[in-house]
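Worksheet for the structure shown next.
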There are 2 protein chains.
Amino acid sequence: MDFKEELKKYQEIINKELQKYVRKENCPEKVLNESMEYSLMAGGKRLRPILVIATYQLFKNDIKECLPYAVAIEMIHNFSLIHDDLPGIDNDDFRHGKPTNHKQFNEATAILAGDGLLNNAYIVISKDLLNTVDKSKLDIKMMVFKEFSYAVDRMIAGEYIDTEYEGKDVLEKYLEYMNANKTGALLRLSVRMGAYLAECEENDFKKLTNYAEKVGLAFQVKDDILSEEGDEKILGKPVGNDKKMKKCTYVSKYGIEEAKNKLDKLIEEAIKELTPYGEKAKFLVELALYVKNRNK
Amino acid sequence: MDFKEELKKYQEIINKELQKYVRKENCPEKVLNESMEYSLMAGGKRLRPILVIATYQLFKNDIKECLPYAVAIEMIHNFSLIHDDLPGIDNDDFRHGKPTNHKQFNEATAILAGDGLLNNAYIVISKDLLNTVDKSKLDIKMMVFKEFSYAVDRMIAGEYIDTEYEGKDVLEKYLEYMNANKTGALLRLSVRMGAYLAECEENDFKKLTNYAEKVGLAFQVKDDILSEEGDEKILGKPVGNDKKMKKCTYVSKYGIEEAKNKLDKLIEEAIKELTPYGEKAKFLVELALYVKNRNK
């Protein structure tokens, strides 16, 4: 199977799983549920849940165990997109080629839909904890729960720094710190959750964390490049917004060529961490290359 | 000790406990942490954490075990206040006699501070789960975690209905549903968490849930009355906003006299549930009367 097909297969698994959590009842808060569904099923890349599952599969085959965590992290990702797009933060009108949540519904609904998705991630985790039959697994799952909540905290802090430092010239160390939090924390968490749940060795855990941190940083560098020179039609959102908002990005700080060099280097280093796993890690290698070469 | 003194003693316990979770590091997201602290320490009544602790004390003395859950629910309450006050929802300028979070900081910070407090509640719960030495307690705590996440979900739904039905004449059953969710869910959860953690009998659990549901509804009726005829200076926020926003409240639907009758009846019924506990429940009885008689 080639990479594109395999990616699509993963996306289908995740979309099918997410669909189980979409609420269809005819209740007074029906439209709130629809707004959560609108964003959750808007057709993102599903990179985070794919990282959970693909990392888990390096060590174990039956992915059932890690699916709730794949779902939970995708809920968190979508909560963060809804809130980032709000008029009070980035004020974006389009996402994935569709109106943003507050444009499609309204601002109050978008704020509450974001809150709802953030909270729903924890509903999913709490149910998985309670449903754990093999009690010897509880220590690992509680550790995952704790790391999950800390990573979300870091993501929120990163987003804050992003808005706070708009229009300011930021020191290199702050740019790194912001991105390690804003984008890095959830991508790192995705890989580490897969690794935790598959109960890998300490040495594997270190290598995979390195892989995740490099890919996470590379993802942000690529995002900054796309925001400067991507194709609006393919991206599904306007290009040049970072510049307009005077965001501090890798491109604004180092220029586009330097940003591209950094991207290449990060992905090369990330892939090197996977050498010991040989053929088994083929998909994770190609996923890193996809992060580098994607045009949306 | 009279009720006022006892209430103050509880508030001090909670404020001291909350203070432990305030982050003081000098980091790039320092102001975000300050905005969370600003709302969390703004001097609310602490009704929810007090209900957790006082219910727990009906059965057990050492309250240490229930403190993390008292903290977590107060974080949730404050997240909901910050988001409700936002320009996109209620657009309120004052809370507890001080500028609302987005007025004191800015809108982006307030959105993210709300997100941060919501998420922090789960950090607190995850740490408590991991730190549980007596593993036989884990089943109860995981059940509390699940009920916690469901109650927050209900609160968000209630808030959505509140904004959605503004200016519309709402059926009685919707008004009940909205309030059972918006205010009721967290107050009910507070009492039930105290009861769960103290491992009371099924029969106690039912009585205390009834008490909580009555007090929760009464709390909202009283809020509606205060919003109509309270004293702005004591309340710390403008009076008459419900009317201005054409909110559907007990007062707008039934008139002030009928609302007051309903309040009296609910508190009387709530107190009746506590009869079996005699002197031990004195504080919970007085707390119900306080909900009825408070002027802020």
Side-chain angles (χ1 to χ4, degrees), chain A residues 27-29 31-33 35 76 79-80 83 86-90 102 106-116 118-127 129-130 132 135 138-139 142-150 152-153 155-161 163-165 170 174 177-178 181, chain B residues 27-29 31-33 35 76 79-80 83 86-90 102 106-116 118-127 129-130 132 135 138-139 142-150 152-153 155-161 163-165 170 174 177-178 181:
Chain A
C27 53
E29 67 273 24
V31 177
L32 178 66
N33 292 339
S35 74
I76 293 291
F79 127 67
S80 82
H83 279 191
L86 283 169
I89 303 189
D90 284 353
H102 64 275
N106 59 43
E107 210 179 318
T109 307
I111 294 168
L112 297 167
D115 295 343
L118 164 48
N119 188 65
N120 257 275
Y122 291 106
I123 291 186
V124 173
I125 293 177
S126 74
K127 280 165 87 171
L129 281 177
L130 260 182
T132 301
K135 299 287 177 195
L138 276 181
D139 277 338
M142 290 190 297
M143 209 154 64
V144 168
F145 170 29
K146 186 178 156 197
E147 182 153 330
F148 189 100
S149 64
Y150 272 96
V152 176
D153 184 74
M155 187 201 66
I156 294 167
E159 178 57 24
Y160 169 76
I161 299 165
T163 62
E164 181 58 22
Y165 286 21
V170 166
Y174 287 127
Y177 181 85
M178 174 180 88
N181 286 298
Chain B
C27 53
E29 68 272 25
V31 177
L32 178 66
N33 291 340
S35 75
I76 293 292
F79 127 68
S80 81
H83 280 191
L86 282 170
I89 303 188
D90 284 352
H102 64 275
N106 59 44
E107 212 179 317
T109 307
I111 294 167
L112 296 167
D115 295 343
L118 164 49
N119 188 66
N120 257 275
Y122 291 106
I123 291 187
V124 173
I125 294 177
S126 73
K127 280 165 88 170
L129 281 178
L130 261 183
T132 301
K135 300 287 178 197
L138 276 180
D139 277 338
M142 290 189 299
M143 207 152 67
V144 168
F145 169 30
K146 186 178 155 197
E147 182 152 333
F148 189 100
S149 63
Y150 271 95
V152 176
D153 184 74
M155 187 200 65
I156 294 167
E159 179 57 25
Y160 168 77
I161 299 164
T163 63
E164 181 59 22
Y165 285 20
V170 166
Y174 287 127
Y177 181 85
M178 173 180 87
N181 286 297

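Note on naming: letters A, B, ... go to the chains in the order of the sequence lines (proteins, then strands), and numbering restarts at 1 for each one. Note: hydrogens, waters and symmetry copies are ignored here, and every other heavy atom, side chains too, is used.
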Exercise for the section: Show the numbers, then the answer: is there a side chain to side chain contact (heavy atoms under 4.5 Å, CB included) between B:V152 and A:Y122? Expected result: CA-CA 10 Å; B:V152 176; A:Y122 291 106; over 6 Å; no
Handout entry: B:I123/A:K146 under side chain to side chain contact (heavy atoms under 4.5 Å, CB included): CA gap, chis, key distance, verdict
Key = CA-CA 6 Å; B:I123 291 187; A:K146 186 178 156 197; 6.0 Å; no
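Ranked by heavy-atom pairs under 4.5 Å with chain A, the list B:I89, B:I161, B:D115 is led by B:D115. Your options are A:A121, A:G88, A:P87, and the one with the most heavy-atom pairs under 4.5 Å with chain B is A:G88.
Rounded to the nearest 0.5 angstrom, A:S126 OG and B:M143 CE are separated by 12.0 Å. Summarising the geometry, atom CG belonging to A:D153 is positioned 5.5 Å from atom CG belonging to B:N120; distances are rounded to the nearest 0.5 Å. Atoms CD and CD, on A:E107 and B:E107 in that order, are 6.0 Å from each other to the nearest 0.5 Å. Atom CD of B:E159 is separated from atom CD of A:E29 by 12.5 Å, given to the nearest 0.5 angstrom.
Residues A:T163 and B:T109 form no side-chain contact, since every pair of their non-hydrogen atoms from C-beta on lies 4.5 Å or further apart. The shortest distance between side-chain heavy atoms of B:M142 and A:L138 falls below 4.5 Å.
Contact record, B:D139 with A:L130: O-CD2, 4.2 Å, taken as the closest heavy-atom pair. Between B:L112 and A:I156, the shortest heavy-atom contact is O-CG2, 3.5 Å. Closest non-hydrogen pair, B:S149 versus A:N119, comes out as O-ND2, 2.8 Å.
Classified by interplanar angle (parallel below 30°, tilted 30° to 60°, perpendicular above 60°), the ring pair A:F145/B:F145 is parallel.
For A:I76, no part lies under 4.5 angstrom from a heavy atom of chain B. Using a 4.5 Å cut-off between heavy atoms, A:N181 does not touch chain B at all. Heavy atoms of A:L32 lying under 4.5 Å from chain B belong to its backbone as well as its side chain. Residue contact with chain A, scored on non-hydrogen atoms closer than 4.5 Å, involves the backbone and the side chain of B:L129 alike. Interface residue B:F79: only side-chain heavy atoms are found under 4.5 Å from chain A. Looking at A:F148, neither its backbone nor its side chain comes within 4.5 Å of chain B, counting heavy atoms on both sides.
By the ring pair (Phe, Tyr, Trp, His ring centres under 6.0 Å) test, A:Y160 is found to be paired with no residue, residues two or more places apart in sequence or in another chain being considered.
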